[in-house]
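All chains are named by letter (A, B, ...) in the order of the sequence lines, taking the proteins before the strands, and each is independently numbered beginning at 1. All values derive from a computational prediction rather than experimental measurement.
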There are 2 protein chains.
Amino acid sequence: MITLEDLAVQAGVSHSTVSRALADSPLVNPQTKERIQNLARESGYQVNQVARNLKSRTTKTIGLVVPEVSNPFYPELIQQVADHARLAGYSLQLHLSAADQESESACIASLSGNRADGILLVTGERGLVARNQVNSVAAAGTPVVIMGWVQDAEHLDLVAGDDAVGGRELAHHLSDLGHTRIAVLGKAPHRGALDRMVGFTGALTERGTPLLPEMVIEVASEEGVRTGVTDLLKLPEPPTAIFAYQDSLAAVVYRQLEKEGLSIPDDMTVVGFDNLDLATYLSPQLTTVGTHISPLTSAFVSLLVARIQGTYPDPAPQSIIVTPKLIVRSSSAPPRSQLNLTDSIS
Amino acid sequence: MITLEDLAVQAGVSHSTVSRALADSPLVNPQTKERIQNLARESGYQVNQVARNLKSRTTKTIGLVVPEVSNPFYPELIQQVADHARLAGYSLQLHLSAADQESESACIASLSGNRADGILLVTGERGLVARNQVNSVAAAGTPVVIMGWVQDAEHLDLVAGDDAVGGRELAHHLSDLGHTRIAVLGKAPHRGALDRMVGFTGALTERGTPLLPEMVIEVASEEGVRTGVTDLLKLPEPPTAIFAYQDSLAAVVYRQLEKEGLSIPDDMTVVGFDNLDLATYLSPQLTTVGTHISPLTSAFVSLLVARIQGTYPDPAPQSIIVTPKLIVRSSSAPPRSQLNLTDSIS
DNA sequence: ATCAGCTTTGCACACGATTGCAGAAATACT
DNA sequence: AGTATTTCTGCAATCGTGTGCAAAGCTGAT
């Protein structure tokens, strides 16, 4: 690899002059400057960022920690974060926290070691695992912004969706359609007051049709979803609607219902959560809830960048909460009995 | 950020001793070593990788350049590459080449500037755009391995799938089912002798049922797919099977057919290419062609790592070609006329 | 010719780590 | 006690850039 010094001897000047010439400094003679710049171009000189970073004590790099990448939600997010970061003049260092078992802590340690100027941390289902790490790098002066809900986040910058509102809207939608026997395939609430389950169950209770215990199925795997669905169908009074905790689970529900010979939405209403691209690929297209992801990522990145540059007006930790919206597509309809009723009226 | 020197003054020794102690060198007194290590742990010392990289003239980092991330093929690839890289002791620097218009060249320049130890470059539909960049960084001593087909690749290391074989198998499958009026939604061949279109059309011609010109539709956008499908259906003799160039296009074909009131595979056979997870989410599940991605990524990473470490036995450029396989699911069936015939026989 | 003022260049240090080498301290041996 | 040997520690150079400061070169005015 060719260095400043190499160019310097070729041009018959000192490396300082070369450095200044390439930085287009007014301190060097225009002719020399031109000569050096040409030389650099011809020889394919590539500045050594490692050395520059060491000297400047900054890397113009932000770390992005994401749990995984098989759930299509994350790629969309990565793409947008990458775009925003690039626009702000930062490049991205991606780490997958669920991949290695050391998880988040290892990712953050690595980023901190590489002296990333700031860290964007997207939490997975387990919430903020590496709380201590986060505190210590934040204390050491590296700004960290979290995306996703975490407990006791008073002293952290974070961006999150208010999933409870989304769950509530979904519940109202189903209730409005006339569903009363509603099943849930999901996971235990893990986002406190902002959890989608909390909103969903709360709203149903308010409507006077609380969730029945046998209708709530916790699923961990794809297999769990399949058996969950068949179990539901075997109930003496099976549900007329299923709320899948994530769009990706809804996709599995679709397959299983098809296998059981039921059609959506005639025999069963299915709704999801997240509004992935996937939701529109499914047939029928999935009724779901989601935020426009772009304002979310935009807030995410710009808050971090402002923190890095010290330009954010308010030094206190910020909580930016985004409210998702209901998106009605073709997978939800009135329950069959209701449908028949309507039919006979018309 | 706390440095070696800081620890040194706290411990009352020189920074050299601290460095050696943390490296667990036998050259330092066991007690001092212990004391220093404890000190480092308590004070949360994080070695400055930037400085270390400068000194060691190596970064233990490999750059991964991927066109985009909205096609689910790439996230799967990223995940696996990340895993393999981590196992080999390297961390990953991800760049999206279609995101910024400067494209590949800029990504490679950036990686080269950051002194990545090696570069993995996944080409998109446009092939190898940054050929010159690749040559120059390779000449400068940074190994580059390419994934995907590129023209005139004799002097490059690359890993590619032999899509022609896949296209051929797909053609045989359709032909065996009895289809003769077959349509193609795709893009112009861009992978030379390894292109899926080449294999597909070639095999059909061999079978004596060459593709009809009006059945070949080049599509650029999602909108193009939709109009393409409706146009096909308006033909005096519409096709009985559609080959979508990518699984993600097949998903759009599904939607459009549904809108047109046709059912798959009864009224129309649809096949794709890539074998994304998406293919199994669709209903009916999509017949497609794909490689198991994991041997591919494994070869990809281990070739690069071997190049970096100089342990690859053969110094000559390698071309590793992987053959994909046909995966028959529920979206392909004999054409309707044929079906009726069969019915009446049985 | 002298000196002030401006332009241009190079010296030398810094960033934070690693490491060869020399020398100090401790121990072993005669 | 004196020397040889081992063990341990610190000095200083290095990686490649950036930059304050001093000084050299040049111009022009007196």
From [atom1] of [X] over to [atom2] of [N], roughly how many Å is that when rounded to an integer?
X	N	atom1	atom2	result
B/Lys55	D/dG16	NZ	C1'	12 Å
A/Asp24	C/dT8	CG	P	13 Å
B/Asn53	C/dT18	CG	P	10 Å
B/Asn48	D/dC15	CG	C1'	13 Å
A/Arg52	D/dC15	CZ	C1'	16 Å
B/Leu4	C/dT19	CG	C1'	13 Å
B/Asp6	C/dG16	CG	C1'	10 Å
B/Leu22	C/dT18	CG	P	8 Å

Inset, instruction - Please tell me if the side chains of B/Tyr74 and A/Pro75 come closer than 4.5 Å, counting only heavy atoms from C-beta onward. - result: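 When only atoms from C-beta onward are counted, A/Pro75 and B/Tyr74 do not touch, as no gap falls below 4.5 Å.
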Inset, instruction - Look at the side chain of B/Ser56 and the backbone N and O of B/Arg52, then say whether any donor-acceptor pair between them is shorter than 3.5 Å. - result: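 Yes; judged by distance alone, with no hydrogens or angles, the pair exists.
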Inset, instruction - Find which nucleotide of DNA chain D each of A/Leu54 and B/Val13 is nearest to by heavy atoms, and output the residue with the more 5' nucleotide. - result: B/Val13
Can you find a donor-acceptor pair, distance only, under 3.5 Å between [X] side chain and [N] base?
X	N	answer
B/Arg57	D/dG16	no
B/His15	D/dT9	no
B/Ser16	D/dC11	yes

Inset, instruction - Hey, could you give me each pair passing side-chain hydrogen bond (donor to acceptor under 3.5 Å, both in side chains) that has a residue in residues 21-41 of chain A? Not counting sequence neighbours. - result: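 The answer is A/Asp24-A/Lys33, A/Asn38-A/Arg41.
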Inset, instruction - Would you classify B/Ser19 as touching base, sugar-phosphate or nothing, given that sugar-phosphate means primed atoms plus P, OP1 and OP2, and contacts are heavy atoms under 4.0 Å? - result: base
Inset, instruction - With heavy atoms under 4.0 Å as the rule, sort B/Val50 into base, sugar-phosphate or nothing. - result: nothing
Between [X] and [Y]: side-chain donor-acceptor atoms closer than 3.5 Å:
X	Y	answer
B/Thr3	B/Glu5	no
B/Glu104	B/Ser97	no
B/Gln318	B/Asp314	yes

Inset, instruction - Compare side-chain N and O positions of A/Arg20 against OP1 and OP2 of D/dT19 and report whether any pair is under 4.0 Å apart. - result: no
Inset, instruction - Give a yes/no answer on whether the side chain of A/Ser14 brings an N or O atom under 4.0 Å of OP1 or OP2 in C/dG10. - result: yes
Legend entry - Residues within residues 26-46 of chain B bordering DNA chain C, heavy-atom distance below 4.0 Å: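 Here the set is B/Tyr45.
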Legend entry - Chi angles and distances behind the side chain to side chain donor-acceptor pair (under 3.5 Å) call for A/Thr58, A/Asp117: CA-CA 6 Å; A/Thr58 185; A/Asp117 289 344; 3.0 Å; yes
Legend entry - Selected nucleotide, minimal atom distance to A/Ala51 side chain, candidates D/dG16, C/dG10, C/dG16: D/dG16
